[in-house]
Amino acid sequence: MSMIETKLKALGLSLPETSPPAANYLPFTVTGNLVVMAGQLCQWNGQRPYVGRVGSEVTVEDAVKAAELCGLNLLAWLKVACDGDLDRVTRCVRLGGFVNSAPEFFEQPKVINGCSDLMVAVMGDAGRHARTAVGTHALPFNVAVEIDAMFEIKG
């Protein structure tokens with residue numbers, strides 16, 4: 001078990017099953033020592049528990065949990081990209097967060113902290129990253145949050 005998975009277990013978390021892409025794209029690409037990851041939705045093994053706009057149908061607290069769930073899906077695909085060995089991961093480089101926002105909702109950074117905090121919790125300082133937190137009027141399947149990422153890995 002990798003250090004990341006050990007830390008997840010200590011937090012009472014685990015990785016979900018990976019879900020195939022919903023359209024014509026790859027879940028990740030590896031170029032050199034970077035893994036560039038497609039946006040991951042807030043779903044658990046195909047189920048979408050956080051649907052709707054944050055600030056109206058979804059609470060901020062639930063949206064933070066949704067962002068953490070996106071992070072778990074990112075880590076699940078990252079494990080695939082690393083041939084099953086998350087100990088190859090050297091750092092989280094960047095997160096790009098998208099929040100399905102009600103018109104008067106402006107706490108997108110607080111929501112995306114759900115994923116940012118997860119990366120730091122399981123990777124320590126190597127989990128600190130650059131990021132964006134953007135509000136949008138719609139996301140695929142009307143989910144509350146979607147996050148993409150870039151990680152550095154050992155060859």
Side-chain angles (χ1 to χ4, degrees), residues 4 7-8 11-82 86 89-123 125-153:
I4 289 173
K7 288 184 180 181
L8 284 171
L11 294 169
L13 300 170
S14 60
L15 296 177
E17 298 294 321
T18 55
S19 298
N24 187 18
Y25 64 91
L26 297 171
F28 62 86
T29 58
V30 180
T31 181
N33 64 339
L34 294 177
V35 180
V36 181
M37 309 202 64
Q40 294 299 307
L41 305 179
C42 50
Q43 62 185 16
W44 182 262
N45 296 332
Q47 301 298 312
R48 298 182 187 101
Y50 304 105
V51 174
R53 289 199 171 117
V54 181
S56 57
E57 297 105 347
V58 178
T59 66
V60 173
E61 294 77 18
D62 280 346
V64 170
K65 293 176 192 171
E68 179 181 80
L69 190 49
C70 291
L72 292 171
N73 280 287
L74 287 165
L75 292 172
W77 273 114
L78 183 60
K79 184 174 180 178
V80 173
C82 291
L86 284 172
V89 178
T90 56
R91 75 170 299 115
C92 179
V93 176
R94 180 189 181 280
L95 297 178
F98 303 89
V99 180
N100 185 358
S101 299
E104 297 301 316
F105 182 75
F106 305 106
E107 296 184 71
Q108 291 82 6
K110 183 175 182 179
V111 170
I112 302 305
N113 278 346
C115 186
S116 291
D117 292 347
L118 175 68
M119 295 306 159
V120 173
V122 299
M123 298 177 68
D125 281 340
R128 297 194 184 282
H129 50 271
R131 84 165 198 203
T132 56
V134 177
T136 184
H137 76 283
L139 286 172
F141 308 106
N142 198 32
V143 296
V145 181
E146 179 177 0
I147 301 176
D148 62 29
M150 186 181 305
F151 292 87
E152 180 182 62
I153 61 172

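Because the structure is predicted, anything quoted here is derived from the model rather than measured. Values below: all heavy atoms of this structure, side chains included; hydrogens, waters and symmetry mates excluded.
With rounding to the nearest 0.5 Å, the separation of CG in L15 from CG in L74 is 11.0 Å. Here CZ of F151 is found 5.0 Å from CG of L78. Values are rounded to the nearest 0.5 Å. Within the model, atoms CE of M150 and CZ of F28 stand 14.5 Å from one another, a figure rounded to the nearest 0.5 Å. Within the model, atoms CD1 of I112 and CG of L95 stand 8.5 Å from one another, a figure rounded to the nearest 0.5 Å.
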Please tabulate, for side-chain N and O atoms in residues 35-54, each donor-acceptor pair with protein atoms closer than 3.5 Å (sequence neighbours left out).
from	atom 1	to	atom 2	distance (Å)
Q43	OE1	R48	NE	3.3
Q43	NE2	S19	OG	3.2
N45	OD1	E17	N	2.6
R53	NE	H137	O	3.0
R53	NH2	H137	O	2.5

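Every residue two or more places apart in sequence or in another chain that forms a side-chain hydrogen bond (donor to acceptor under 3.5 Å, both in side chains) with E152 is listed here: N33, T90. Under the rule for a salt bridge (Lys or Arg N to Asp or Glu O under 4.0 Å), the partners of R128 that lie at least two apart in sequence or sit in another chain are D125. In this structure, the side-chain contact (heavy atoms from CB on, under 4.5 Å) partners of P21, at least two apart in sequence or on a different chain, are Y25, P27. D62 pairs by the side-chain hydrogen bond (donor to acceptor under 3.5 Å, both in side chains) definition with nothing, not counting sequence neighbours. For K65, the side-chain hydrogen bond (donor to acceptor under 3.5 Å, both in side chains) criterion is met by no residue, not counting sequence neighbours.
A 4.5 Å side-chain heavy-atom check between F98 and N100 finds every atom pair outside the cut-off. With contacts defined as side-chain heavy-atom distances shorter than 4.5 Å, the pair T136/S101 does not qualify. Looking at L75 and M119, their side chains come closer than 4.5 Å, going by heavy atoms from C-beta outward. Considering only heavy atoms from C-beta on, M123 comes within 4.5 Å of C92 through its side chain. The shortest distance between side-chain heavy atoms of L86 and V122 does not fall below 4.5 Å. Two residues are said to be in side-chain contact when any heavy atoms from C-beta on lie closer than 4.5 Å; R131 and P109 meet this criterion.
Considering every non-hydrogen atom in both V145 and A66, the closest pair reads CG2-CB, 3.9 Å. Closest heavy-atom contact between A102 and S56: CB-OG, 3.8 Å. Heavy atoms only, all atoms of each residue included: G55 and F105 are closest at CA-CD1, 3.9 Å. A67 and C115 get closest at one heavy-atom pair: O-CB, 3.4 Å. Between L11 and A121, the shortest heavy-atom distance links the atoms CD1-CB, 3.9 Å. P140 and E146 make their closest contact through CD-OE1, 3.5 Å (heavy atoms, listed as atom of the first residue, atom of the second, distance).
The main-chain N or O of L69 is found under 3.5 Å from a side-chain atom of N73 such that the two form a donor-acceptor pair.
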Would you please test Q108 and V99 for side-chain contact (heavy atoms from CB on, under 4.5 Å) and show each step?
CA-CA 6 Å; Q108 291 82 6; V99 180; 3.8 Å; yes
- Query: Should L13 and E68 be marked as a side-chain contact (heavy atoms from CB on, under 4.5 Å) after you check the CA-CA gap, both sets of side-chain angles, and the distance that decides it?
  - Reply: CA-CA 10 Å; L13 300 170; E68 179 181 80; 3.9 Å; yes
**Prompt:** Between V64 and N113, is a side-chain contact (heavy atoms from CB on, under 4.5 Å) present by the stated rule, with each step listed?
**Reply:** CA-CA 7 Å; V64 170; N113 278 346; 5.9 Å; no
Might you work through the side-chain contact (heavy atoms from CB on, under 4.5 Å) test for E104 and F106, ending with a clear yes or no?
-> CA-CA 6 Å; E104 297 301 316; F106 305 106; 3.8 Å; yes
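Counting non-hydrogen atoms of neighbouring residues, nucleotides and ligands closer than 6.0 angstrom, the NZ atom of K7 exceeds 12 such neighbours.
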